[in-house]
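Here it is, the structure in full.
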Amino acid sequence: NAYSPEYGRSNGGTVMVIGKSGSNELHGTLFEFLRNEDLNARNYFAQPGAKPEFRRNQYGLTVGGPIRRNKTFFFADWQGTRLLTGLTRFSTVPTAAQRGGVFTAAIYDPATTPRTPFANNTIPTSRFDTVAQQILQHYPVPSLPGAANNFVRTAVEPDSQNQFDGRIDHLFNEKHRVFGRYSYLRDDDNPVAPLPDGSGTLSTGVIGHAITRGDGIASEYDWTLSPTMLNQVRFGYTRRAVDQSSLQNGGITIPGVPANSFSSTLPIFTVTGYQQIGPTTAANSNFTTSVTEYLDTFSWVHGRHAIKFGTDIRREALDIVNPPNPTGSYAFTTTGTNSSTGAGGNALASMLLGQVNAFSIDIQKQALQERAHIAEFFIGDEWKVSDRLTLNIGTRYTLNFPSTEVHNQTAIFNLQTQVLDFPHTARELECCDFGPRAGLAYRIGNSWVIRSGYGMGWFEQTGIKNPFTLPQF
């Protein structure tokens, strides 16, 4: 059945996690979980020899007890995870002949009009572009025969994670109690790139060396006014920061490229039919996101009614620097070295001659600082109509205040002036966002129950929970 109006901002289920607290007795646990490649089947694509390494160690401890008997208690836990995963990646790299300018297909000289083919399909090394020669040095020599999938790399991807929670509960008397909790997470994940220098496309998992830190604070004050009335005040703050890097200090600088963040990153060079040189798109980023929440809930049991009402106020923030291609993306195709009719040509040959087919760059010199505020109010009644029938009725009212960017870097296209405008916000405040909730539970017999429910929820934009949906510049 549908969840009560006390919970919102989701069109699916609600997951509730309750942290453990200490007691009058001192208790603790130690644990270890282990996986090892010696217990695994062999990867079919792995090279001959020892099986690729896979080792997962997950270990930690918990401890809880009294600080002051019957009054103040503590609980803490720590968990460490160490994961080593052997991965095998295949790539297509230039052959020894191609590195010397020798190709099997006709290569046409882009400096001639009309284009004429090079003798013996061979580009003189004197014609090699100076930047192309630097790019070529990032390609390893083939480790397998053939011209396709001729390089294989097996390496270990390390992932190290530490988590910590600490909680204190204090009971003033039978009517007043409080608790506070702090949570910490640090994750260091370094992916295995297809090429030894760190180049290549990654499509799953992290796409750069990512160091993630998470912090969370939660507190609650419970006031029991009477046996039938309870007021709960909660405050929460969560923060997650990610510093992700890939191929910074790459060693190749293209003259004339505009100044930008991550300006020393190796540019992306995509050569059709070959593994790319440079990091995966958007692999370099720094961002911090946080949510601050205040929640006040009043509960009242009156006869057959269990009534709850309150407010949920949140502030969301995102600071991010993440230009997808900070030093440019250069694409090479056969068009640089084919004939006027499209015959022959090779993308690697086009690169050796410096024939760029397409170029793009993303400029972001300072962080985008996006902010959003949400205020919600709710009331619900669980009405036990009879021993067989229970009704849940209520509503949740949502005020999604228009999201903003601190430096007005949000842009919209003005249809009248035909230019971009940079307003403080481009959204309007909706005043009447009520989300009704209704549920029914009817017990037919001792082993049969009929349940039904209906609910409506409001988000910043339909189907999108992230409030920062406008184009950012």
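Scope of the values below: all heavy atoms of this structure, side chains included, with no hydrogens, waters or symmetry mates. For the single chain, residues carry numbers from 1 onward in sequence order. Treat the numbers as computed from the prediction; the structure is a model and nothing was measured.
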Subject >> Residues in side chain to side chain contact (heavy atoms under 4.5 Å, CB included) contact with Pro110, at least two apart in sequence or another chain >> reply: Arg115, Leu353, Gln355
Subject >> Considering all heavy atoms, the nearest Gly394-Pro5 contact >> reply: CA-CG, 4.0 Å
Subject >> Backbone of Thr116 reached by a side-chain donor or acceptor of Ser339 within 3.5 Å >> reply: no
**OP:** Walk me through it: do Glu32 and Asn57 pass the test side-chain hydrogen bond (donor to acceptor under 3.5 Å, both in side chains)?
**Re:** CA-CA 7 Å; Glu32 158 77 16; Asn57 293 87; 3.1 Å; yes
Subject >> Ser199 to Ala193 - nearest heavy-atom pair and separation >> reply: O-CB, 3.6 Å
Original post:
Between Asp433 and Arg396, does at least one N-O distance fall below 4.0 Å, as a salt bridge requires?
Top reply: no
**OP:** Could you tell me the separation between the CG atom of Asp215 and the OG1 atom of Thr288, rounded to the nearest 0.5 Å?
**Re:** 10.0 Å
**OP:** Determine yes or no for a side-chain-to-main-chain donor-acceptor pair under 3.5 angstrom, with Ser264 supplying the side chain and Asn249 the backbone.
**Re:** yes
**OP:** Go through the steps to decide whether Phe377 and Asp312 satisfy the test side-chain contact (heavy atoms from CB on, under 4.5 Å), and finish with yes or no.
**Re:** CA-CA 6 Å; Phe377 309 90; Asp312 184 349; over 6 Å; no
Subject >> Between CG on residue Asp197 and CG on residue Leu247, distance to nearest 0.5 Å >> reply: 6.0 Å
**OP:** Report the C-alpha distance between Gln248 and Asn284 in whole Å, list the side-chain angles of each, state the deciding distance to 0.1 Å, and finish with yes or no for side-chain hydrogen bond (donor to acceptor under 3.5 Å, both in side chains).
**Re:** CA-CA 8 Å; Gln248 296 184 13; Asn284 289 277; 2.9 Å; yes
**OP:** Before accepting this row, confirm whether a basic side-chain N of the pair Asp109/Arg127 lies closer than 4.0 Å to the acidic partner's carboxylate O.
**Re:** yes
**OP:** Check whether the ring centres of Trp78 and Tyr184 lie less than 6.0 Å apart, and answer yes or no.
**Re:** no
Original post:
Does the side-chain contact (heavy atoms from CB on, under 4.5 Å) test come out yes or no for Arg240 and Phe287, once each step is laid out?
Top reply: CA-CA 8 Å; Arg240 185 168 68 100; Phe287 80 81; 3.8 Å; yes
Subject >> Asn120, CG: over 12 other non-hydrogen atoms inside 6.0 angstrom >> reply: no
Original post:
Between Asn357 and Thr335, does any side-chain donor sit less than 3.5 Å from a side-chain acceptor?
Top reply: yes
Subject >> Pairwise side-chain contact, Phe90 with Asn150, heavy-atom cut-off 4.5 Å (strictly under) >> reply: no
Original post:
Less than 6.0 Å separating the ring centroids of Phe235 and Tyr294?
Top reply: no
**OP:** Without swapping roles, check the side chain of Arg437 against the backbone of Ser4 for a donor-acceptor pair under 3.5 Å.
**Re:** yes
**OP:** Output yes when a side-chain donor or acceptor of Gln276 lies under 3.5 Å from a complementary backbone atom of Pro279, and no otherwise.
**Re:** yes
**OP:** Under the side-chain contact (heavy atoms from CB on, under 4.5 Å) rule, what do Ile361 and Val257 come out as? Steps first, then yes or no, please.
**Re:** CA-CA 9 Å; Ile361 189 171; Val257 174; 3.5 Å; yes
Subject >> Side chain Thr95, main chain Gln98, donor-acceptor under 3.5 Å >> reply: yes
Original post:
Is there a donor-acceptor pair closer than 3.5 Å between any side-chain N or O of Thr281 and the backbone N or O of Pro324?
Top reply: no
Subject >> Spatial distance of atom OH (Tyr7) from atom CD (Glu376) [nearest 0.5 Å] >> reply: 14.0 Å
Subject >> Stepwise side-chain hydrogen bond (donor to acceptor under 3.5 Å, both in side chains) check, Thr62 with Thr29 >> reply: CA-CA 5 Å; Thr62 67; Thr29 60; 2.4 Å; yes
**OP:** Could you grab the distance from atom CZ of Phe75 to atom OG of Ser21, nearest 0.5 Å is fine?
**Re:** 8.5 Å
Subject >> Heavy-atom closest pair, residues Asn346 and Ile107 >> reply: CB-CD1, 3.7 Å
**OP:** Check whether any side-chain heavy atom of Ile254 sits under 4.5 Å from a side-chain heavy atom of Tyr330, and report yes or no.
**Re:** yes
Original post:
Taking only residues two or more places apart in sequence, or in another chain, which ones meet His407 in a side chain to side chain contact (heavy atoms under 4.5 Å, CB included)?
Top reply: Gln366, Gln369, Glu405, Gln409
Original post:
If you take all heavy atoms of Thr122 and Phe118, which pair is closest and at what distance?
Top reply: O-CB, 3.2 Å
Original post:
Do any N or O atoms from the side chain of Arg35 and from the backbone of Phe54 form a donor-acceptor pair under 3.5 angstrom?
Top reply: no
Original post:
Is a side-chain donor-acceptor pair under 3.5 Å present for His373 with Asn400?
Top reply: no
**OP:** Check Ser246 against Gly208 and note the closest heavy-atom contact, atom names and distance.
**Re:** CB-CA, 4.2 Å
Original post:
Does a salt bridge link Asp165 with Arg167, judged by any charged N lying under 4.0 Å from a carboxylate O?
Top reply: no
**OP:** For side-chain contact (heavy atoms from CB on, under 4.5 Å), just list the numbers for His209 and Asp189, CA-CA rounded to whole Å, side-chain angles, deciding distance to a tenth of an Å, and then say yes or no.
**Re:** CA-CA 6 Å; His209 183 192; Asp189 195 353; over 6 Å; no
Original post:
Given Arg153, which of Leu87, Thr88, Leu195, Val192 fulfils the side chain to side chain contact (heavy atoms under 4.5 Å, CB included) condition?
Top reply: Val192
Subject >> Gln137 side-chain N/O to Gln134 backbone N/O, donor-acceptor pair under 3.5 Å >> reply: no
Original post:
Side chain of Thr292, backbone of Tyr237: donor and acceptor closer than 3.5 Å?
Top reply: no
Original post:
Which residue, Asn414, Thr410, Asn408, forms the side-chain hydrogen bond (donor to acceptor under 3.5 Å, both in side chains) with Asp421?
Top reply: Asn414
Original post:
Just by distance, do the side chain of Gln364 and the backbone of Ile320 share a donor-acceptor pair under 3.5 Å?
Top reply: yes
Original post:
How about Arg181: does its CZ atom have over 12 heavy atoms from other parts shown lying under 6.0 Å from it?
Top reply: yes
Original post:
Any luck finding a side-chain donor-acceptor pair between Thr327 and Thr265 under 3.5 Å?
Top reply: no
Original post:
At what distance, to the nearest 0.5 angstrom, does CG of Leu352 lie from CG of Leu136?
Top reply: 6.0 Å
Original post:
Only one of Trp458, Phe434, Phe378 forms a ring-ring contact (aromatic ring centres under 6.0 Å, His included) with Tyr397, so which one is it?
Top reply: Phe434
**OP:** Identify the heavy atoms of Ala411 and Leu420 that sit nearest to each other, and give their distance.
**Re:** CB-CD2, 4.4 Å
Subject >> Spacing of CZ belonging to Phe269 relative to CD1 belonging to Ile252, to within rounding of 0.5 Å >> reply: 5.0 Å
Original post:
Hey, which of Thr280, Thr201, Leu202 is the one that makes side chain to side chain contact (heavy atoms under 4.5 Å, CB included) with Pro194?
Top reply: Leu202
**OP:** Tell me, please, which residues at least two apart from Thr81 pass side chain to side chain contact (heavy atoms under 4.5 Å, CB included).
**Re:** Arg56, Gln58, Gln79, Gln161
Original post:
Under the side-chain hydrogen bond (donor to acceptor under 3.5 Å, both in side chains) criterion, do Thr272 and Thr333 qualify, and how do the steps go?
Top reply: CA-CA 6 Å; Thr272 302; Thr333 66; 5.5 Å; no
Original post:
Taking NZ, NE, NH1 and NH2 as the nitrogens, is one of them in Glu316 or Arg371 under 4.0 Å from a carboxylate oxygen of the other?
Top reply: no
